[in-house]
Amino acid sequence: MIAENLAHLRSRIRKAAQRCNRKYQDITLIAVSKKKSDEDILQAYTAGQLAFGENYLQEAAAKINILPDDICWHFIGHLQRNKAKLAVSHFAVIETVDRLQLASLLNTHAAALKKTIKILIQVNIGEEQQKSGVSPAETATLLTQIKKMPHLQATGLMIIPPYCPDPDDARLFFIKARQLSRQLADKGLFYDNNKVDLSMGMSHDFEVAIEEGATIIRVGTALFGARTY
Ligand SMILES: *Cc1c(COP(=O)(O)O)cnc(C)c1O
């Protein structure tokens, strides 16, 4: 079932990429496996899926410790200060950095572990009151400060647009994110300004996100089915 879902998902990604003259290989699918079992993850892995996303540190650490070593784990949940160390030790990419204090703590822990980690800046693109993420206006300042942290590589932006029942209504937020990432790259604020990641698009809107430039899409439900608890 999961293998079939994955094949279907890949074909939808390929078609969306074709529609906008982009390369399928330039889009990384993150299989969002929060609340899903090791068995489910292994089914996707066996079908060739190597990148997974998790939201909850403790749950993720338990999985990461026993699942295959060549899986690339992305942290996509809200990150608390007291979990920063666990995040640095277990994840290849932390997608939800949205404040200076947190970045600084991640840098310190990465230095202690003698490693460099990739991060994305989570931007509150819809400027919603209750949502995590730095405001678009403050993103340049945050990136300027992160540039000085030798153990962090800020490779792009991550966004979760306001929920739109019709995914086409999310398009303007994806466009906004792309434009913001361009401006920031023009200022030279990312780790590699010629290759900036845009993590956007989930099960119900990833095709629109791809059309607007997503390089990373985070898909759970369409791959693993609904989360039941
Ligand atoms: C859960 C989650 C996803 C995946 O959502 P689906 O709708 O199940 O595809 C993607 N991104 C983030 C940040 C999430 O928390």
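As the structure lists them, so they are numbered: ligands from 1, and atoms in each ligand from 1.
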Between Glu138 and Ser135, is there a side-chain donor-acceptor contact under 3.5 Å, judged purely by atom types and distance? yes

For ligand 1, what are the residues with a heavy-atom contact below 4.0 Å? Val32, Lys34, Asn55, Ile76, Met158, Ile160, Met202, Ser203, Arg218, Val219, Gly220, Thr221, Arg227

Spell out, as yes or no, whether a donor-acceptor pair under 3.5 Å connects the side chain of Arg12 to the backbone of Glu207. no

Sequence neighbours left out, cut at 3.5 Å: what donor-acceptor pairs do the side chains of residues 15-25 make with other protein atoms?
unit_1	atom_1	unit_2	atom_2	d
Arg19	NE	Glu211	OE2	2.9
Arg19	NH2	Glu211	OE2	3.1
Arg22	NH1	Ile210	O	2.9
Arg22	NH1	Ala214	O	2.8
Arg22	NH2	Ala214	O	2.9

Remaining members of hydrophobic cluster (4.5 Å side-chain criterion), Tyr56: none

Ring centres of His204 and Tyr163 under 6.0 Å apart? yes

Taking only residues two or more places apart in sequence or in another chain, which ones pass salt bridge (Lys or Arg N to Asp or Glu O under 4.0 Å) with Lys187? none

